[in-house]
Amino acid sequence: MKKAFITKDKAEEIAKVIPTPFHVYDEAGMRANAEAVKKAFAWNPGFREYFAVKANPNPFILSILKEYDCGADCSSLTELQISHALDFDGAHIMFSSNDTPFEEYEYANKIGAIINLDDITHIDFCEKACGGKLPETMSCRFNPGGVFTLSNGIMDNPGDAKYGMTREQIAEAYKIMMSKGVKHFGIHAFLASNTVTNEYYGKLAGQLFELAVELHNETGADIKFINLSGGVGIAYKPDQTPNDIAVIGENVHKVFDEILVPAGMGDMSIYTEMGRFMMAPYGGVVTRAVHEKHIYKEYIGADACAANLMRPAIYGAYHHITVLGKEDAPCDHKYDVTGSLCENCDKFAIDRMLPKIEMGDLLFIHDSGAHGYSMGYNYNGRLRSAEVLLQSDGSFKKIRRAETPMDYYATFDEFDIYNKLKAEN
Ligand SMILES: *Cc1c(COP(=O)(O)O)cnc(C)c1O
């Protein structure tokens, strides 16, 4: 059973001030989870979670995670700027980009971020962007190729992924970087996405620890950290068993003791870059049912659309829906729940069994806390919604206003729609 973290009364109270749709975040939930992540890796003194900013770049969210000593994992200029503005210092900013623009390396270097190179050809490129001198600590992203499988059948396809360096390249890259004055190294890899199994990090860590020992022996490089990146999943579906971060931490601990400690590399720091696991369950979209339609199927039209939450439209991703106030009612109606975009993929749910929905009911679309708002877009001229923090004390705070039409027109420098419309009022 998946339970919404917000009641109908609270959602209606918020909706009086901040009209639907909006994303709402559960402060108490995200704090408890951040604490659990820290605890799971407390055996590793250098451990740090660099929260994947792309999953949720809201400064209020980032500053809560910062209280747990999280760093920020960035892959673009704006993500770097937000993190810098929030006073994450260089050691707390990981720049894990790919196909990276010159100015972004320049900026990352200026703010002292740890640069994680996606490719061997970026060494010279980055060196130029860093004013001719690479930073003393750098990381390289590894791609082992082939397929990556876990015992529950989860499989991903690194051989088809655009990221990272081959085994030969990463050794070569270390040697070149050492000759250019780099003193300390990290290894990074992201091999499977949204893994709903406790097995992923342990298996990945085993591969990367072995690689670290080999690379150290081959090149003499001083390897300081292993970055397990993201990919730890959450139970979007009610029948899935959520990951247990304590077990995941212990799985990594076990291979650490088996591989790194005997190799004399037991001072290695473990880094993670989780986005989804840190935030997805602690966000939801509150949207109102505004239309019903009875044709070949039964449709409920919500006032949110894929511009607010894109995952169902682009990946067919499952997001659980609770009809607020009808938590205990029987799910005896089959609906497609749609948004208003002129795209048939704009459906939050297809053939979903739900309680009977009345016009005006509030729907809670679960697990929008990561890759939710941040993936939003403006297709059809639809505007992105507000974001609200449901605080630990039960009160709420607006942490981003909804876009207005003027935001949408703001980049038409050569066409002054603002003053034209204003003149009509
Ligand atoms: C997207 C991404 C993450 C976060 O992935 P999750 O699946 O949200 O944990 C971490 N690191 C990098 C480099 C990414 O691109």
Side-chain angles (χ1 to χ4, degrees), residues 25 30 33-34 36-37 40-41 48-58 61-62 65 70-80 83 88 92-100 104-105 108 113-119 122 138-143 148 150 154 156-158 161-165 186-201 204-205 208 225-236 240 242-243 245 248-249 252 270-283 309-311 314-315 317 319 367-375:
Y25 303 112
M30 60 180 281
N33 184 64
V37 168
F41 288 91
R48 178 165 295 139
E49 150 70 3
Y50 290 81
F51 175 66
V53 175
K54 74 166 191 252
N56 192 326
N58 191 296
I61 299 295
L62 296 176
L65 294 174
C70 287
D73 162 39
C74 303
S75 59
S76 67
L77 180 67
T78 48
E79 290 175 1
L80 287 168
S83 306
F88 285 92
H92 284 76
I93 301 178
M94 185 69 60
F95 187 47
S96 290
S97 60
N98 69 94
D99 189 15
T100 314
E104 299 192 359
Y105 276 137
I114 304 171
I115 296 175
N116 179 30
L117 290 181
D118 181 65
D119 192 63
H122 284 219
M138 293 190 82
S139 173
C140 290
R141 184 164 183 165
F142 174 55
N143 181 336
F148 184 87
L150 293 164
I154 290 186
D156 226 315
N157 212 342
K162 65 173 176 170
Y163 309 106
M165 308 184 196
I187 303 175
H188 169 282
F190 189 156
L191 302 188
S193 201
N194 190 28
T195 55
V196 192
T197 158
N198 294 327
E199 194 188 339
Y200 171 63
Y201 261 1
L204 172 67
L208 297 185
F225 64 85
I226 302 287
N227 185 343
L228 301 175
S229 193
V232 177
I234 63 138
Y236 285 100
Q240 287 176 307
N243 284 336
I245 197 68
I248 291 174
V252 177
I270 305 298
Y271 294 165
T272 57
E273 295 176 337
M274 292 180 283
R276 196 184 312 276
F277 188 80
M278 299 304 288
M279 275 308 295
Y282 314 109
L309 178 65
M310 197 177 180
R311 298 184 70 260
I314 55 169
Y315 315 128
H319 277 260
D367 302 322
S368 79
H371 314 293
Y373 182 98
S374 62
M375 247 189 210

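All ligand and atom numbering here is 1-based and tracks the order in the structure. Below, each value reflects all heavy atoms present in this structure, side chains not excepted, and no hydrogens, waters or symmetry copies.
The proximity of Arg141 to ligand 1, defined as any non-hydrogen pair under 4.0 Å, is limited to the side chain. Using a 4.0 Å cut-off between heavy atoms, Ala55 makes no contact with ligand 1 at all.
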Which is it for Met274 and Tyr201 under the side-chain contact (heavy atoms from CB on, under 4.5 Å) test, yes or no, and what are the steps along the way? CA-CA 11 Å; Met274 292 180 283; Tyr201 261 1; 3.2 Å; yes

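Among the atoms of Asn194, none of the N or O lies under 3.5 angstrom from an N or O of ligand 1. Taking distance alone, with nitrogen or oxygen atoms compared against 3.5 Å, His371 approaches ligand 1 more closely than that limit. Looking at ligand 1, you won't find any N or O of Phe277 less than 3.5 Å from one of its N or O atoms.
Against a heavy-atom cut-off of under 4.0 Å, Ala52 is close to the following atoms of ligand 1: 3 (C), 4 (C), 10 (C). Near Met274, meaning under 4.0 Å from any of its heavy atoms, are these atoms of ligand 1: 9 (O). Close approach to Ser229 involves these atoms of ligand 1, each under 4.0 Å from a residue heavy atom: 10 (C), 11 (N), 12 (C). Taking every heavy atom of Arg276 and a limit of under 4.0 angstrom, the matching atoms of ligand 1 come to 6 (P), 7 (O), 8 (O), 9 (O).
In this structure Asn33 satisfies the side-chain contact (heavy atoms from CB on, under 4.5 Å) test together with Val37, Phe277, Met278, Tyr282, sequence neighbours excluded.
Looking from atom 9 (O) of ligand 1 to the surrounding protein, the closest heavy atom is Gly275 N, 3.0 Å. In terms of protein heavy-atom proximity, atom 10 (C) of ligand 1 is closest to Glu273 O, 3.0 Å. Atom 2 (C) of ligand 1 has its closest protein heavy atom at Lys54 NZ, 2.4 Å. Protein heavy atom closest to atom 5 (O) of ligand 1, with residue, atom name and distance, is Phe190 CE1, 3.5 Å. Of all protein heavy atoms, the one lying nearest to atom 7 (O) of ligand 1 is Gly231 N, 3.4 Å.
Separating the OG atom in Ser75 from the CG atom in Asp118 is a distance of 11.0 Å, to the nearest 0.5 Å. Rounding to the nearest 0.5 angstrom, the gap separating the CD atom in Glu273 from the CE atom in Met94 is 6.0 Å. Atoms CG and CD1, on Asn243 and Ile234 in that order, are 9.5 Å from each other to the nearest 0.5 Å.
Between Tyr25 and Gly283 the shortest heavy-atom distance is CD2-CA, 3.6 Å.
In this structure, the ring of Tyr236 has its center less than 6.0 angstrom from the ring center of His319. With ring centers used as reference points, Tyr271 lies under 6.0 Å from Tyr50.
Here the rule is side chain to side chain contact (heavy atoms under 4.5 Å, CB included) with Leu228, and of Ile270, Ile187, Leu191 only Ile270 fits it.
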